[in-house]
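A quick note: this is a predicted structure, and the numbers were derived from the prediction, not measured. Quick note on labels: first sequence line is chain A, next is B, and so on, each numbered from 1.
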Amino acid sequence: MRIATWNVNSITARLPRLLAWLESSGTDVLCIQETKCTDEQFPREQLRELGYESAVNADGRWNGVAVVSRVGLDDVALGLPGGPDYDGAQEPRAISATCDGVRVCSVYVPNGREVDHAHYAYKLRWLEALGAAVSGDAAGERPFAVLGDFNIAPTDEDVYDRAAFDGLTHVTPAERAALEALRGQGLTDVVPRPLKYDVPFTYWDYRQLCFPKNRGMRIDLVYGNKPFASAVQDSYVDREERKGKGASDHAPVVVDLNLAQS
DNA sequence: ATGTCCTAAAGATTAGGA
């Protein structure tokens with residue numbers, strides 16, 4: 001089974017590339033973040049024509065997550081139980097589903113903006129709720145992964161220049177401690193191999209020629225439980241998809257599972 | 001030139017988010 005996660009930065013703007021990539025990559029299950037659409041606007045029909053069912057948690061201009069699958073899509077759950085509000089509202093940042101026996105949770109972790117911003121405190125509260133939400137599946141016998149845009153670089157090696165992030169979000173001890181807590185629940189960081197250069201960055205800012213200069217970050221993560229991690233045959237960042245006109249600022253992370261022997 | 005892109009809005013540019 002080929003599973004992937006991709007922050008598409010608007011599924012409407014990305015639709016031609018998304019459909020082409022699903023076909024060319026042979027992805028069975030794709031976790032999507034930043035759909036930036038309403039539930040009604042989600043392109044279910046175009047995906048259905050390619051053989052994919054869709055589970056969607058989206059409500060408009062910002063955020064929005066989905067799982068699309070051509071190998072089944074059951075027991076869909078939207079959001080995080082007990083997840084925090086922001087500006088008095090729950091945001092669509094998580095969705096879970098079971099696809100041919102594999103449980104996935106597609107997440108778009110709040111950005112945090114600045115360390116002294118209310119959004120940063122919200123980010124940490126949201127991660128705490130995520131930890132509580134996945135604890136049962138993390139310890140379970142069924143293959144499970146929480147994957148998506150975590151907006152955190154797990155180590156200093158996961159950013160192009162640590163000094164450039166002094167005082168900024170994405171690299172703070174508190175954010176990294178939240179990831180460590182997830183790993184402490186039995187989840188493994190399934191680190192993909194890069195297709196070029198040494199570090200498997202997954203995101204490059206649109207600005208200042210970051211992609212050509214490879215000024216990237218590894219913030220799109222796959223955290224799998226033991227049954228999931230032990231079934232991983234290969235994982236890579238498809239940085240080719242970051243190239244050219246009409247690209248997202250994130251590249252897909254692809255994971256191949258061999259479930260027969262696990 | 002923040003060497004950009006995406007969204008929405010009493011919009012034809014501005015504001016907000018990343």
Side-chain angles (χ1 to χ4, degrees), chain A residues 5-21 31-43 46 56-66 83-94 106-127 130 147-154 158-161 163-172 175 178-179 201-221 237-253:
Chain A
T5 181
W6 190 12
N7 179 325
V8 296
N9 186 20
S10 170
I11 199 165
T12 308
R14 216 63 59 217
L15 192 58
R17 285 186 76 132
L18 171 65
L19 297 176
W21 185 80
C31 293
I32 299 173
Q33 300 85 38
E34 283 210 85
T35 59
K36 290 186 171 178
C37 66
T38 63
D39 186 80
E40 295 74 25
Q41 290 166 334
F42 193 89
Q46 291 95 322
V56 181
N57 185 10
D59 67 3
R61 184 176 185 182
W62 307 117
N63 313 309
V65 288
D85 288 359
Y86 189 72
D87 266 354
Q90 289 274 321
E91 296 178 320
R93 293 180 175 276
S106 172
V107 296
Y108 177 48
V109 175
N111 174 286
R113 298 182 189 164
E114 291 157 22
V115 172
D116 59 359
H117 197 288
H119 210 257
Y120 178 80
Y122 167 57
K123 181 180 195 173
L124 296 180
R125 284 199 304 275
W126 199 92
L127 286 161
L130 178 65
L147 62 171
D149 178 359
F150 281 74
N151 271 313
I152 303 170
D158 295 310
V159 295
Y160 68 92
D161 176 8
F165 290 85
D166 272 347
L168 302 183
T169 61
H170 293 57
V171 299
T172 66
E175 290 167 285
L179 292 182
F201 294 146
T202 65
Y203 163 81
W204 300 259
D205 198 302
Y206 284 126
R207 294 167 286 191
Q208 297 177 291
L209 297 176
C210 281
F211 183 65
K213 293 177 179 175
N214 198 34
R215 292 181 180 168
M217 309 171 72
R218 186 172 76 92
I219 57 176
D220 298 271
L221 309 175
V237 179
D238 192 352
R239 73 186 301 284
E240 295 300 308
E241 195 52 41
R242 180 62 180 77
K243 294 182 178 177
K245 199 166 175 58
S248 170
D249 42 2
H250 296 251
V253 176

Roughly, in whole Å, what's the span from [atom1] in [X] to [atom2] in [N]?
| X | N | atom1 | atom2 | result |
| --- | --- | --- | --- | --- |
| A:Arg215 | B:dT4 | CZ | P | 14 Å |
| A:Asp249 | B:dC6 | CG | P | 9 Å |
| A:Glu114 | B:dG17 | CD | P | 11 Å |

Checking contacts here: which listed nucleotide (B:dT7, B:dA8, B:dA18) is nearest the side-chain heavy atoms of A:Asn111? B:dA18

Who are the salt bridge (Lys or Arg N to Asp or Glu O under 4.0 Å) partners of [X], not counting sequence neighbours?
| X | result |
| --- | --- |
| A:Asp59 | none |
| A:Lys243 | A:Glu240 |
| A:Arg61 | none |
| A:Asp158 | A:Arg218 |

Taking N or O atoms only and anything under 3.5 Å, show me the protein contacts with nucleotides 10-16 of chain B, one pair per line.
none

With rounding to the closest Å, how many angstrom separate the [atom1] atoms on [N] and [M]?
| N | M | atom1 | value |
| --- | --- | --- | --- |
| B:dA18 | B:dA1 | P | 26 Å |
| B:dA10 | B:dG16 | P | 14 Å |
| B:dG11 | B:dA15 | P | 14 Å |
| B:dG3 | B:dT7 | P | 22 Å |

Can you pull out the residues from residues 202-210 of chain A that lie within a 4.0 Å heavy-atom distance of DNA chain B? A:Tyr206, A:Arg207, A:Gln208, A:Leu209

If the plane angle is over 60° it's perpendicular, under 30° parallel, otherwise tilted; pick one for A:His250 and A:Tyr203. tilted

Pairwise 5' ranking along DNA chain B for A:Gly246 and A:Asn151, keeping only the more 5' one: A:Gly246

Assuming nearest nucleotide by heavy-atom distance, tell me which of A:Tyr108 and A:Arg14 is located more 5' along DNA chain B. A:Arg14

Looking at residues at least two apart in the chain, or sitting in another chain, which of them share a side-chain hydrogen bond (donor to acceptor under 3.5 Å, both in side chains) with [X]?
| X | value |
| --- | --- |
| A:Tyr120 | A:Thr172 |
| A:Asp116 | none |
| A:Asp87 | none |

Looking at CG of A:Asp149 and OH of A:Tyr108, how far apart are the two atoms once the value is rounded to the nearest 0.5 Å? 6.0 Å

